[in-house]
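Data first, discussion second: the structure below is written as structure tokens.
Side chains are part of it too, since the values below use all heavy atoms of this structure and drop only hydrogens, waters and symmetry mates. Proteins come first, then strands; the chains are lettered A, B, ... in the order of their sequence lines, and each starts at number 1.
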2 protein chains.
Amino acid sequence: MSATIKDIAKRLRISPSTVSRALNNKPGISKKTISAVNIMANKLNYKRNSLAVSLRQDKSFCIGVVVPWISNYFFAEAISGIEHVAFCAGYQIIIAQTNDDEEEEKRALQALTSSRVDGILLSTGSKVKGVSHIRAIQKEVPIVLFDRTIKRLKLSGIGAEDYRGAYEMTKHLIKSGKRKIVHLSGPKNVEIAMNRLSGYKSALSKHKIPFKRHLVIDCDFNESLVHPTITKLISEGVEFDALFASNDDMAVQAIISLKKYGKKVPEDIAVAGFGNYPVSKIVNPQLSTVNHQPKEIGIQATKVLLNQIDQLTPVVNLIIKSELILRDSSCNSVD
Amino acid sequence: MSATIKDIAKRLRISPSTVSRALNNKPGISKKTISAVNIMANKLNYKRNSLAVSLRQDKSFCIGVVVPWISNYFFAEAISGIEHVAFCAGYQIIIAQTNDDEEEEKRALQALTSSRVDGILLSTGSKVKGVSHIRAIQKEVPIVLFDRTIKRLKLSGIGAEDYRGAYEMTKHLIKSGKRKIVHLSGPKNVEIAMNRLSGYKSALSKHKIPFKRHLVIDCDFNESLVHPTITKLISEGVEFDALFASNDDMAVQAIISLKKYGKKVPEDIAVAGFGNYPVSKIVNPQLSTVNHQPKEIGIQATKVLLNQIDQLTPVVNLIIKSELILRDSSCNSVD
DNA sequence: ATGAAAGCGCTAACAG
DNA sequence: CTGTTAGCGCTTTCAT
């Protein structure tokens, strides 16, 4: 079918190794041979077989990326950053999505190790309880976690300032005069969601506002649960003057839902989110949120992984700076 | 490092070929051997080396996906669909983004052929003029185009009903009493953008509304050009009572921009988009748009490609049904 | 039911 | 500067 270095060698009556060296600019090959080889390679439409190179060199120049969902603002942006850095470094990326499921995550990691990827970037699924499937492969291939990190594994992790971002945002709501702040949280077993919850709690306690359990509602990062939640709060007569959601999709739905009930945002109820999704700039009023820089997280995670691949550098934990973005959904004029 | 079939064979004092056959459930191996092999494989933590298998079988069970941008609602959704179908069929996907650039597209395709992917799903970049880089590899590996298709290449293509969707949407605007309809178009060398423009034009002519060249403005699928465009239209006193944008991001910006100028949507100016992006449901008023089903396009494209890989089926051109979604940004009450 | 041997395409000692 | 040889891990005839 397609030409190999043997074919080139035969036509030129030289040895395959010389062809290989010429093609890879190895030292000690005459200019003449190099040009002859290149010309013949072109003529025969030669394409290097990376599979063979990888097998021989025990190095695939390929990294695996495992995420819960590919489409989804955060991961799509992160993957974009990952691809960029990887491509620039000569690596390809194999992507797998797990639908947040443990079994699928397991299979994806299996498949990637079989493919002999040089490293793996992993964001674990929210329904993943165990870590044995990760432990099972962490001696064989460098793994870097991003966003959905897991502390108990001694693995490098790159994430956002979830705690500080939530803390600052809650503080902002408090500073603008709000006291009864509802928090729509994410799943309990997702560390970032719990970190955001912690930030919210800390800000409250720092400002001597008692934490009220019934003001925290787990909406599972699922925006379709928001309207029912708001409906319940209002019908039960729960008093609140602000709402901080663990992600923007939930916050945006909250704004829409609150407006349906005649509540003014931010006068009656200030709303804030997390993530700086595109929708946050479109909703009316525009949403105050935290930019956790998904693309940057992907970029840095990849850089850490590539380092780890090259030199077996030690485990690192990187926190990418998050920035508060104050818009009209919270009373930032008062601040 | 990691165990191979040779290691298993040695420990069991049998031959590597037997181990291979046992591991792959080939006929003619005794139950006893099979179970012994499996136990030993487990014990040695054996992982099949897909690189070696691929090299040997000349089949990588891997498909390449090339898109202009990974993050971007349409492509992220499409890729999600692609990954799903591919994974279910036992294929992995290597993803590359081209930033709409011809040189990068070329390199990506090169890299993928080197990696001996079994097939390629390609959506060409808007700044890609030539097709020689595609021609160069289309004999070596099955290629299926999606979304950004190219007619002059005899390749399978899967796309949306761009023409019909635009036609129906324009017709809808006309039916609701609008006559002076601005069209914010996409790049001239992107076929889908031109198909949408054609649909717009056809609807006008079908309803005896003269086509006005100055009402079509190329915004290059770039929403940041929209506000300046609207500003210009208004300051120049151009009269229009509706606006149809070639994608939702542009349409949403148009709504925001028009509202800034005190125009009522849809009473003064009706607005419609294309794509059914998440923002279309968030903007106020909600945007009338065309759902072109990105995930479904990805799914079908992958199915076609897998067929092509397996049996060299003929070239097909699939059009995925698009649906009109009428919301408040256009006067659908009148319809 | 199993083994021996060849080879996928490539690179890397080693030798000259 | 170039060739010879061996082998990465696996599958697949062809034997037996």
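Each of dT4(D), dA12(C), dG9(C) was ranked by its minimum atom distance to the side chain of K26(A); first place goes to dA12(C). Nearest to the side chain of L55(A), among dT4(D), dG9(C), dT2(D), sits dG9(C). Of the candidates dA12(C), dG9(C), dC10(D), dC10(D) carries the atom nearest the Y46(B) side chain, counting heavy atoms from C-beta on. Closest contact between the side chain of A52(A) and the listed nucleotides dA4(C), dG9(C), dT4(D) involves dG9(C). Checked against dT4(D), dT12(D), dG9(C), the side chain of T4(A) finds its nearest nucleotide in dG9(C).
Residue contacts for I14(A): at a heavy-atom cut-off of 4.0 Å it reaches the sugar-phosphate backbone alone, with no base atom in range. At the heavy-atom level, R21(B) lies under 4.0 Å from base atoms of the strands shown. Using a 4.0 Å heavy-atom distance criterion, S17(B) is classed as a base contact. Note on T33(B): only backbone sugar-phosphate atoms sit closer than 4.0 angstrom, heavy atoms only; bases stay farther off. R13(B) comes within contact range of the sugar-phosphate backbone alone, with a heavy-atom separation under 4.0 Å but no base atom that close. Using a 4.0 Å heavy-atom distance criterion, S30(B) is classed as a sugar-phosphate-only contact.
Side-chain N/O atoms of S15(A) include one lying less than 4.0 angstrom from OP1 or OP2 on dG3(D). Distances shorter than 4.0 Å separate some side-chain N or O of K6(A) from OP1 or OP2 on dC8(C). For dG3(C), one of the phosphate oxygens OP1 or OP2 lies less than 4.0 angstrom from a side-chain nitrogen or oxygen of T18(B).
In summary, the side chains of T113(A) and E140(A) do not present any donor paired with an acceptor at a separation below 3.5 Å, with no hydrogens or angles considered. Between the side chains of E105(A) and T124(A), no donor-acceptor pair of N or O atoms lies under 3.5 Å. Side-chain polar atoms of D100(A) and W69(A) form a donor-acceptor pair below 3.5 angstrom.
Using a 4.5 Å heavy-atom threshold, the side chains of I82(B) and F146(B) count as touching. Between Y91(A) and I309(A), some side-chain heavy-atom pair lies under the 4.5 Å cut-off.
Sequence order on DNA chain C of the closest nucleotides to Q57(B) and P27(B) puts P27(B) first from the 5' end.
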